[in-house]
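Reading through the structure tokens given below for one structure.
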Protein chains: 2
Amino acid sequence: MKDLLRAHFEKIITLTDSEFEYISSHFTHKKLIKHQFLIQEGETVKNEFFVLKGCLKSYMIDSDNKMHVLQFALPDWWISDYHALYKQVPSSLYIDPVESAEVLVISLEDKEKLCNELHKVEHFFRKKTNLGYVGLQQRVLGLINTDARDRYEQLIKQYPALFQMVPKQLIASYLGVTRETLSRLYKNPK
Amino acid sequence: MKDLLRAHFEKIITLTDSEFEYISSHFTHKKLIKHQFLIQEGETVKNEFFVLKGCLKSYMIDSDNKMHVLQFALPDWWISDYHALYKQVPSSLYIDPVESAEVLVISLEDKEKLCNELHKVEHFFRKKTNLGYVGLQQRVLGLINTDARDRYEQLIKQYPALFQMVPKQLIASYLGVTRETLSRLYKNPK
DNA sequence: AAAATAGTGTGACATACATCAAATTATTTT
DNA sequence: AAAATAATTTGATGTATGTCACACTATTTT
């Protein structure tokens, strides 16, 4: 069950059995059903989540009660409200599964402890955040310089799996358009 | 001249004189005039830059020859094409000063070496990227859920200094609108 | 100081996307 | 299987922002 986590670490660093056992002892396993929130707006955030199964989403609700998806997280990826977690301010996001899901939970405190105790764990997380940073930067560029149709086409190319698992209104929200607009985009290809 | 760099590190970690001297020996100082590029599209990217003076911008040029500003970097901040740097692909960005500027240059190779040799340097950069990640996440939320006027108002609140140093057409580009639209936004306040 | 260049502002018009309302289809729950 | 709920599609209309053209103002350069 924690094999996926080990493989995940070992894409970047190598670990002995005992090192991995020590690391993984700081994670707890959690099964989630639809509408079971890991994080809700206003809460203090203490944990970070590594996805084993299913798909999670993080999103905010704006003043007009509209939902805006910030992130999807598929297996082998991490999710949390990092703004709230790192700056210790109340969360502005909700995080819950798209359908059902399974995650491994680690507290920020334990993560920092591990980073402190094991240089290579700190190395791992630095590399990981670097990749996350690059991904977000690409997303910003996409939002700034391409129209909704291009963003849509890029997304299906990059994550075809999403289109099976995730309702189109959530994908529309992630792309920054309404579900009506998304519907029209792929009904009337270029 | 490297005082700013030391202060920058010591916001997160503590360093002895000899440690700092060792670290800073990997940086070289560079003065830049307007239109002097640190990075151009298509190039291989080897370095990262720490801003001492002035203001730099990173931007892409799209297929219609329009410029899109990804980032401004004021003193005490870092800039590079991280996508190109970390993934070792040709750059899709240009980076040059808004007016004139001074930077400290470090190669990715040296940075990785330092991270490897000194755990606390790796810790520093992990924390730093985490903050960068959070900043980008906030920017994505802004692009997805607020209109140009709100993004504009948030930006002047957060970085009033930019509005002295940076032509408004660059600010418009950073916000994802045309200069004409930005002009109309602040001519006709809400 | 004149000339050249870079930056900004304004009007007329075009367009991508949002909004609202309603019909249709798919999926869950009982 | 029926009923309830969730997701998608479609049409009519509104609005924010883009585009183009040109005038105006600053700032460099000669």
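Chain identifiers are assigned alphabetically (A, B, ...) following the order of the sequence lines, protein sequences preceding nucleic acid strands; residue numbering begins at 1 within each chain. Since we're looking at a predicted model, the values are computed, not measured.
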Legend entry - 5' precedence on DNA chain C between A:Gly176 and B:Gln169 (nearest-nucleotide basis): B:Gln169
Legend entry - Distance in angstrom units between A:Lys168 NZ and C:dA26 C1', rounded: 11 Å
Inset, instruction - Report the distance from atom CZ of B:Phe163 to atom P of C:dT8, rounded to the nearest whole Å. - result: 11 Å
Legend entry - Residue met sooner reading DNA chain D from 5', once B:Thr146 and B:Glu180 are mapped to nucleotides: B:Thr146
Inset, instruction - Could you tell me whether the side chains of A:Asp62 and A:His68 share a donor-acceptor contact shorter than 3.5 Å? - result: yes
Inset, instruction - Take the angle between the ring planes of A:His8 and A:Phe124 and call it parallel below 30°, perpendicular above 60°, tilted in between. - result: perpendicular
Legend entry - Atom pair distance, as rounded to whole Å: CG in B:Leu182 and P in C:dG9: 8 Å
Inset, instruction - Ignoring backbone atoms, establish whether A:Tyr186 has a side-chain N or O less than 4.0 Å from OP1 or OP2 of D:dT8. - result: no
Inset, instruction - Would you tell me if any nitrogen or oxygen in the side chain of B:Thr181 comes within less than 4.0 Å of OP1 or OP2 on D:dT17? - result: no
Legend entry - Closest non-hydrogen atom pair, A:Asp81 against B:Gln137: OD1-NE2, 4.5 Å
Legend entry - Phosphate contact (D:dT17 OP1 or OP2) by B:Thr178 side-chain N/O below 4.0 Å: no
Inset, instruction - To the nearest Å, give me how far apart CZ (B:Arg149) and C1' (D:dG18) are. - result: 16 Å
Inset, instruction - Determine: side-chain N/O of A:Lys66 to OP1/OP2 of C:dA18, distance under 4.0 Å, yes or no. - result: no
Legend entry - Side chain of A:Pro167 - closest among D:dT19, C:dA18, D:dA7: D:dA7
Legend entry - Side-chain touch A:Glu48/A:Val105, heavy atoms, less than 4.5 angstrom: no
Inset, instruction - Starting at atom CD1 of B:Ile171, determine the distance to atom P of C:dG9, rounded to an integer number of angstrom. - result: 11 Å
Legend entry - B:Asp150 (side chain) donor-acceptor with B:Thr146 (main chain) under 3.5 angstrom: no
Inset, instruction - Spell out yes or no: do the side chain of B:Arg184 and the base of C:dG11 have one donor N/O and one acceptor N/O closer than 3.5 Å? - result: yes
Legend entry - Atom-to-atom span, CE of A:Met165 to C1' of D:dA7 - whole angstrom: 17 Å
Inset, instruction - Let me know the distance between CZ of B:Arg151 and C1' of D:dA16, rounded to the nearest Å. - result: 11 Å
Inset, instruction - Figure out the CD/C1' separation between B:Glu99 and D:dT27, and round it to whole Å. - result: 10 Å
Inset, instruction - Report the residue (B:Lys34 or A:Arg179) whose heavy-atom-nearest nucleotide on DNA chain C is the more 5′ of the two. - result: B:Lys34
